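So the structure is just underneath, and the comments pick up after that.
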Amino acid sequence: MELYVPILVLAVLAAGFAVFSVGIAPFTGPKRWNRAKLDAYECGIEPTPQPVGGGRFPLKYMITAMLFIVFDIEIIFLYPWAVAFDQLGVFGLVEMVLFIVTVLVAYAYVWRRRGLDWD
């Protein structure tokens, strides 16, 4: 159990810092409200008006998010493979090549369907 004490202490310190930061924020700093600060921010451009009750959201945002997740997961699998490459041998190499080919097929599909264009 004593091996977990440093992790528990770090978790308590992190949680305490987070709660303190969120709790003290309303009491510190200047409070100069204006219309620009209260507007929604969309990448430095004027916000697109939305109909009351929501509206249709562009699908390209969702596709980009899914692509990010796919390639993020690929990187997560590549790091441990690179660390344990010597122990895995040829089996590990074949498995990683199959994994990368699968991801590249998905990437080629998205590219062919013009999912990466922002026109």
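All values derive from a computational prediction rather than experimental measurement.
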Next item on the list: Determine, using the 4.5 Å side-chain heavy-atom cutoff (strictly less than), whether Val105 and Val110 are members of one ILVMFWY cluster.
Entry: yes
Next item on the list: May I have all residue pairs that pass ring pair (Phe, Tyr, Trp, His ring centres under 6.0 Å) and include part of residues 16-37, sequence neighbours excluded?
Entry: none
Item checked: Linked hydrophobic residues, Leu3 as query - side chain contacts closer than 4.5 Å -> none
Notebook entry, point to check: Should Val103 and Tyr109 be regarded as members of a common hydrophobic cluster, given that ILVMFWY residues are connected when their side-chain heavy atoms come within less than 4.5 Å of each other, either directly or indirectly?
Noted result: yes
Next item on the list: Name all residues meeting the side-chain contact (heavy atoms from CB on, under 4.5 Å) criterion together with Val5; count only those two or more places apart in sequence or in a different chain, and write none if there are none.
Entry: Val9
Show me, pair by pair, the donor-acceptor contacts under 3.5 angstrom made by side chains of residues 72-88, not counting sequence neighbours?
residue, atom, partner, partner atom, Å
Trp81, NE1, Gly92, O, 3.1

Notebook entry, point to check: Using links of under 4.5 Å between side-chain heavy atoms of ILVMFWY residues, direct or through other members, which residues join Val94 in one cluster?
Noted result: Val90, Leu98
Item checked: With Tyr107 via ring-ring contact (aromatic ring centres under 6.0 Å, His included) - residues at least two apart -> Phe71, Trp111
Next item on the list: Spell out, yes or no, whether Ile7 and Leu13 are grouped together once hydrophobic residues are joined by side-chain heavy atoms under 4.5 Å, including indirect joins.
Entry: no
